[in-house]
Colleague: 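One structure, pasted below without further comment.
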Amino acid sequence: MPLTLPPIPDDVLSPPDLTAAAAVQRRLAAQMVMEGPPQPVRLLAGVDVSAFPRDPAGRIFAAVVLLDATTLQVRATATAMRIAPMPYVPGYLGFREVPALLAAFAELPEMPDLILVDGHGISHPRGLGIATHLGVLLDRPTIGVAKSVLVGRPEGDLPPARGASVPLVWKGRTIASVLRSKDKVAPLYVSVGHRVTPEAALAHTLAATTRYRLPEPTRAAHNAANAFRLAWTAEHGR
DNA sequence: GCGACAG
DNA sequence: ATCTTGTCGC
């Protein structure tokens with residue numbers, strides 16, 4: 001019944017140190033494909049994780065929510081808990097969250113056509129933000145939807161109206177779009193994750209956004225991950 | 001060497 | 001990331 005996912009090598013899931021982790025990132029980044037989804041997008045997915053602030057156990061509670069791409073209605077939700085293989089270090093977020101996210105994906109009834117991830121895609125020091133990291137391992141289309149900048153700076157002034165966007169530039173290259181997803185609120189940073197074009201990433205993100213700053217897929221996943229963490233804690237302990 | 005630094 | 005009351009602007 002559950003999905004069968006590609007096998008992932010141990011050193012990719014849990015590298016021994018940051019030097020090895022960076023090497024894994026460069027290798028996976030070389031596999032990123034920036035071409036649009038082959039078939040039409042009917043099923044969207046949003047993913048996110050929740051965790052306790054200074055949890056000594058390093059527990060990561062992940063959620064994947066499936067939504068109808070047209071109505072944005074939730075069709076299914078899957079969750080999973082895993083222990084993070086390393087502490088949070090800017091630039092290495094994927095190693096903390098991907099294992100739990102993959103476990104949650106394995107519980108889904110079907111694979112989505114496009115996945116929105118809470119975090120950056122290629123707008124990362126080594127081109128492997130969590131959205132690209134997850135997308136390459138699953139070899140599925142992903143988009144990075146971050147709430148703040150990791151690297152780069154907006155080019156020009158961003159108009160206050162929903163839908164407005166300017167490039168996020170780093171080292172002379174455009175690595176993401178700074179998108180005003182809602183009138184007069186802080187922008188989102190939308191980047192290519194895997195198997196999607198920059199234009200499609202921006203269009204799909206805006207199309208999936210209604211009355212809130214965050215697009216529905218990511219918003220629903222955030223709520224689901226948080227609810228899962230609280231429920232898990234209530235049933236088990238600590 | 002110093003500052004920056006997704007979630 | 002999470003915690004949390006009040007407060008500000010539309």
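Letters go in sequence order (proteins before strands), and every chain restarts at 1.
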Colleague: Between the main-chain N or O of A:Met86 and the side-chain N or O of A:Arg96, is there a donor-acceptor pair closer than 3.5 Å?
Modeller: yes
Colleague: Does A:Asp118 come within less than 4.0 Å of A:Lys147, counting only side-chain N to carboxylate O?
Modeller: yes
Colleague: Where each residue is assigned the nucleotide of DNA chain C containing its nearest heavy atom, which of A:Arg229 and A:Lys184 is assigned the position nearer the 5′ end?
Modeller: A:Arg229
Colleague: A:Asn226 side chain: which of C:dT2, B:dA6, B:dG7 is closest?
Modeller: C:dT2
Colleague: Could you tell me the separation between the CG atom of A:Asn223 and the P atom of C:dT2, rounded to a whole number of Å?
Modeller: 10 Å
Colleague: Please state whether the phosphate of B:dG7, meaning OP1 or OP2, lies under 4.0 angstrom from any side-chain nitrogen or oxygen of A:Lys147.
Modeller: yes
Colleague: Just how far, in rounded Å, is P of B:dA6 from CZ of A:Arg96?
Modeller: 13 Å
Colleague: I need the NE2-P distance between A:His133 and B:dA6, as an integer number of Å.
Modeller: 18 Å
Colleague: Contact class for A:Val151 vs. all strands (heavy atom < 4.0 Å): base, sugar-phosphate, or nothing?
Modeller: nothing
Colleague: What integer distance in Å separates A:Leu134:CG from B:dG7:C1'?
Modeller: 14 Å
Colleague: Would you mind classifying the nucleic acid contact of A:Asp48 as base, sugar-phosphate or nothing, using non-hydrogen atoms under 4.0 angstrom?
Modeller: sugar-phosphate
Colleague: Taking 5.5 Å and 30° as the limits, would you call A:Tyr88 and the base of B:dG7 a stacked pair?
Modeller: yes
Colleague: Is any side-chain nitrogen or oxygen of A:Ser148 closer than 4.0 Å to OP1 or OP2 of B:dG7?
Modeller: yes
Colleague: Please state how far atom CD in A:Gln25 lies from atom P in B:dA6, giving the value in whole angstrom units.
Modeller: 14 Å
Colleague: Determine, for A:Asp183 against A:Arg162, whether the closest basic-nitrogen to carboxylate-oxygen distance falls under 4.0 angstrom.
Modeller: no
Colleague: Could you tell me whether A:Gly144 contacts a base, only the sugar-phosphate backbone, or nothing, with contacts defined as non-hydrogen atoms closer than 4.0 Å?
Modeller: nothing
Colleague: Give the rounded distance in Å between these two atoms: CG of A:Leu101 and C1' of C:dA1.
Modeller: 14 Å
Colleague: Give a yes/no answer on whether the side chain of A:Ser50 brings an N or O atom under 4.0 Å of OP1 or OP2 in C:dT2.
Modeller: yes
Colleague: Only one of A:Asp139, A:Thr142, A:Thr132 passes side-chain hydrogen bond (donor to acceptor under 3.5 Å, both in side chains) with A:His194; say which it is.
Modeller: A:Asp139
Colleague: When the distance from CH2 of A:Trp170 to C1' of B:dA6 is rounded to whole Å, what number comes out?
Modeller: 13 Å
Colleague: For the pair made of CD1 in A:Ile83 and C1' in C:dA1, what is the distance, rounded to whole Å?
Modeller: 15 Å
Colleague: Within the structure shown, what part of the strands sits under 4.0 Å from A:Phe61 by heavy-atom distance: base, sugar-phosphate, or nothing?
Modeller: nothing
Colleague: Is the Lys NZ or Arg CZ of A:Arg126 less than 6.0 Å from the centre of A:Tyr92's six-membered ring, within 45° of the axis?
Modeller: yes
Colleague: For a quick test of reading the model: is some side-chain N or O of A:His222 closer than 4.0 Å to OP1 or OP2 of C:dT2?
Modeller: yes
